[in-house]
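Structure first, commentary second.
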There are 2 protein chains.
Amino acid sequence: MVAKRSGARSKGDQRISVSLQPVQQASTEPPLSRERIVATAVELLDAQGIDGLTMRRLADRLGSGVMSLYWHVDNKEDVFDLAVDSVLEHRGSPETGESPDWRGDVVHMLEDWRARMLRHPWSASLLPRRALGRNILGRLEMLSKTLSRAGVADADLNAAIWSLWNYVMGATLTRASFDLSEEDRAAAQQRLTHLSEHYPTIERSRLLLDNDWDGAFRRGLDFLLDGLSPR
Amino acid sequence: MVAKRSGARSKGDQRISVSLQPVQQASTEPPLSRERIVATAVELLDAQGIDGLTMRRLADRLGSGVMSLYWHVDNKEDVFDLAVDSVLEHRGSPETGESPDWRGDVVHMLEDWRARMLRHPWSASLLPRRALGRNILGRLEMLSKTLSRAGVADADLNAAIWSLWNYVMGATLTRASFDLSEEDRAAAQQRLTHLSEHYPTIERSRLLLDNDWDGAFRRGLDFLLDGLSPR
DNA sequence: CGATTGACTCGTACGACGTACCATACGATG
DNA sequence: CATCGTATGGTACGTCGTACGAGTCAATCG
């Protein structure tokens with residue numbers, strides 16, 4: 001029984017191997033590594049969607065055997081975790097100094113968050129069931145600090161943070177899943193029109209035809225921030 | 001090639017069959033039907049979670065062969081669709097007359113929505129990728145009508161509806177997935193405390209220990225409705 | 001120097017899955 | 001009795017995640 005990949009995996013170790021192993025196959029793939037696996041998994045997810053990621057396909061793309069992956073990775077769940085985390089990279093707010101425009105800061109961070117997830121739509125549906133990684137925690141911390149600085153009462157703080165989280169998650173997830181169904185939306189609206197006797201109001205306001213997702217996100221966020229602002 | 005279950009399935013047909021087929025197996029299962037399949041699928045999902053639902057297990061519980069299911073149902077996706085829909089049952093608002101308390105009406109409907117989904121936590125993670133069924137449309141219609149009656153400008157209406165939708169979806173999904181991880185939350189908070197140098201603000205406010213989900217939902221909803229209310 | 005060890009790769013195999021295909025059974029209709 | 005629509009389910013195929021254990025190779029040690 002080997003120790004296997006027991007936690008610490010020391011990214012730096014490989015650095016020298018470039019000059020250490022030039023003898024072997026010159027034109028073939030570089031050696032496997034967690035980083036390479038994750039990067040390829042993200043490629044695959046982007047290209048084929050959530051069901052498109054299988055360990056076999058992943059190994060194929062990496063030019064390796066399937067079981068070799070399991071040296072670097074615990075299981076498929078682990079691959080998902082790492083892929084999601086790599087998408088949410090978040091710099092530790094270097095300029096969180098004392099920007100006077102707290103509202104702009106919040107909007108900017110949340111829009112960046114949403115944009116990153118929408119660039120990889122599968123991440124939205126994967127995120128909710130993951131543990132909170134450092135990237136997410138960093139974003140929550142930034143929110144908390146900024147809102148506190150803006151004057152939100154301590155008693156309201158947690159509720160305010162979760163509200164924003166909820167809103168962003170819901171909006172992103174909705175956007176990501178409705179994206180797939182361009183034709184479905186037409187069908188839905190047609191069904192709606194056909195049943196307009198039952199749903200007259202949303203038919204009239206063309207709720208399902210509205211395509212300005214970014215604008216809607218921004219406006220909804222404004223509503224919420226209006227409600228949050230200390231009176 | 002048979003016509004198979006081509007769309008219309010006319011729930012009423014079976015009504016008389018109870019008195020028509022009493023001859024056969026007295027003690028065994030009643031005949032298969034869409035309704036019975038869906039009900040059993042919900043049971044299974046409640047008991048075993050989302051991965052616990054397999055066609056074989058479903059057939060076992062129903063006391064039938066696996067392939068028999070496919071007479072009543074197109075495929076597994078179909079089962080998911082039907083299960084989600086059955087959870088969101090929504091009466092067509094009989095009292096949507098002229099209640100003076102529009103805000104109470106909205107809160108009540110959204111809390112009911114959330115409660116129904118949380119009673120079957122798997123439904124939250126399944127809903128976003130489903131087409132809009134009549135139950136959801138009915139709820140959106142109710143929202144639309146109520147907000148309009150409350151004085152929300154037509155230009156703001158769609159953004160307002162989506163905001164509420166996003167909030168409810170995000171809150172419910174978050175709640176449903178964090179539910180599983182009672183121990184994980186302890187671990188997360190411990191990791192947080194350990195790293196409190198990096199996340200001082202959310203550590204201080206005990207963001208991850210706050211257990212009052214219902215209250216947080218309600219308060220966040222109030223924030224949003226405050227922002228939505230016509231000034 | 002040869003033996004050992006530990007990091008890493010991968011072929012084979014197993015059990016579980018969704019479901020296509022086809023044979024069957026039965027009540028109603030001709 | 002023959003035919004047909006409704007309904008059931010056994011067998012089988014292809015694919016999945018991954019357990020197991022045999023293999024390779026560089027570094028280390030006696």
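We name chains A, B, ... by the order of the sequence lines, and we start the count at 1 in each one.
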Value in whole Å for how far the P atom of C:dA16 lies from CG of B:Leu58: 18 Å

Under 3.5 Å between N/O atoms: give me all the protein pairs with nucleotides 12-17 of chain D, atom names plus distance.
residue, atom, partner, partner atom, Å
D:dG17, OP1, A:Lys76, NZ, 2.6
D:dG17, OP2, A:Met55, N, 3.0
D:dG17, N7, A:Arg56, NH2, 2.5
D:dG17, O6, A:Arg56, NH2, 2.8

Listed by chain and number, what are the salt bridge (charged side-chain N to carboxylate O under 4.0 Å, His left out) partners of B:Arg204, not counting sequence neighbours? A:Asp154

Protein-nucleotides 9-12 of chain C N/O pairs closer than 3.5 Å?
residue, atom, partner, partner atom, Å
C:dT9, OP2, A:His72, NE2, 2.6
C:dC10, OP2, A:Gly65, N, 2.9
C:dC10, OP2, A:Ser68, OG, 3.0

Quick one: list whatever passes side chain to side chain donor-acceptor pair (under 3.5 Å) with A:Asn158, sequence neighbours left out. B:Ser205

Pairs satisfying side chain to side chain donor-acceptor pair (under 3.5 Å), at least one member in residues 36-53 of chain B, at least two apart: B:Glu43-B:Arg61, B:Asp46-B:His120, B:Asp46-B:Trp122

Using five base pairs at each end, measure the axis-to-axis angle across the helix from C:dC1-D:dG30 to C:dG30-D:dC1 and round it to 10 degrees. 30°

Can you list everything that forms a side chain to side chain contact (heavy atoms under 4.5 Å, CB included) with A:Ala59? Sequence neighbours excluded, please. A:Ser64, A:Val66, A:Leu69

Show me the donor-acceptor pairs, under 3.5 Å and distance only, between side chains in residues 162-170 of chain A and residues at least two apart or in other chains.
residue, atom, partner, partner atom, Å
A:Ser163, OG, A:Ala159, O, 2.7
A:Trp165, NE1, B:Thr174, OG1, 2.8
A:Asn166, ND2, A:Trp162, O, 3.1
A:Tyr167, OH, A:Phe217, O, 2.9
A:Tyr167, OH, A:Leu221, N, 3.4

Considering residues at least two apart in sequence or located in another chain, which fulfil the salt bridge (charged side-chain N to carboxylate O under 4.0 Å, His left out) criterion with A:Arg56? none

Does A:Asp112 pair with A:Arg116 as a salt bridge, N-O distance under 4.0 Å? yes

Who are the salt bridge (charged side-chain N to carboxylate O under 4.0 Å, His left out) partners of A:Glu111, not counting sequence neighbours? none

Which residues pass the salt bridge (charged side-chain N to carboxylate O under 4.0 Å, His left out) test with B:Asp212, sequence neighbours left out? none

If the condition is side chain to side chain contact (heavy atoms under 4.5 Å, CB included), which residues does A:Asp60 pass it with, not counting sequence neighbours? none

Rounded to whole angstrom units, what separation is found between the CG atom of B:Asp74 and the P atom of C:dG18? 15 Å

